[in-house]
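Inspection log for the structure reproduced underneath, given as structure tokens.
The structure displayed is predicted, hence computed values, not measured ones.
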Amino acid sequence: MSKGLDYRTDSHYIRLYVGELGYTLKNNVVMRWDDINWTTMGGDGNYLVGTYAHGAPTGSATGHMIGVVVAGGRVTTTHDQQNLTKPYFEAGRVHVRYIFKM
């Protein structure tokens, strides 16, 4: 915890990413990964995305943040060092909630 913020809560980590780091919140609605329109989200660039590998979150589900690079309107690279989301992309089960443009 820093500056009295608890980064396990949505409003506090949004304050960190937007207020402290200057990222832009582009989405906070649950949607399927396959339905993301990266052009609408802000186009080419680097993103931090809160993913849910096993489908839409319910209750107190905890997401997993991954880095995404978009070029030409499509994802060219994902950074998921813990490999918690990557295995589920092809199955179409990955959902997202928060998308921040860096």
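Residues V68 and M102 do not share a hydrophobic cluster, defined by chaining ILVMFWY side chains whose heavy atoms lie under 4.5 Å apart. By the criterion of side-chain heavy atoms lying less than 4.5 angstrom apart, applied directly or through intervening Ile, Leu, Val, Met, Phe, Trp or Tyr residues, L48 is not grouped with M31; the two fall into different hydrophobic clusters. The hydrophobic cluster containing Y23 also contains Y98, counting ILVMFWY residues as joined when their side-chain heavy atoms lie under 4.5 angstrom apart, directly or transitively. Follow the hydrophobic side-chain contacts under 4.5 Å out from F89 and you reach W38 in the same cluster. The cluster map of Ile, Leu, Val, Met, Phe, Trp and Tyr, joined by side-chain heavy atoms under 4.5 Å apart, puts V69 and F100 in different clusters.
To the nearest 0.5 Å, atom CD1 of residue I36 and atom NZ of residue K26 are 13.5 Å apart. Between the OG1 atom of T39 and the CZ atom of R74 there is a distance of 12.0 Å, given to the nearest 0.5 Å. Atom-to-atom distance recorded for H95:NE2 and D35:CG is 8.0 Å, nearest 0.5 angstrom. Put simply, OH on Y88 and CG on N83 are 9.0 Å apart, with the number rounded to the nearest 0.5 Å. Separating the CG atom in L25 from the CE atom in M41 is a distance of 9.5 Å, to the nearest 0.5 Å. Note that the OH atom of Y17 and the OG1 atom of T24 stand 14.5 Å from one another [nearest 0.5 Å].
Remark: the backbone N or O of A53 is not paired with any side-chain donor or acceptor of T85 at under 3.5 angstrom. Panel note: side chain H54, backbone Y52; no donor-acceptor pair is recorded below 3.5 Å.
Taking the side chain as every heavy atom from C-beta outward, Y47 and N27 never approach each other to under 4.5 Å. No side-chain heavy atom of Q82 sits less than 4.5 Å from a side-chain heavy atom of I66.
A71 and T76 get closest at one heavy-atom pair: CB-CG2, 3.8 Å. Closest approach of V96 and I99 over heavy atoms only: CG2-CD1, 4.1 Å. In terms of heavy atoms, G73 sits closest to D44 at N-OD1, 3.0 Å. Closest non-hydrogen pair, K86 versus D80, comes out as N-OD2, 3.0 Å.
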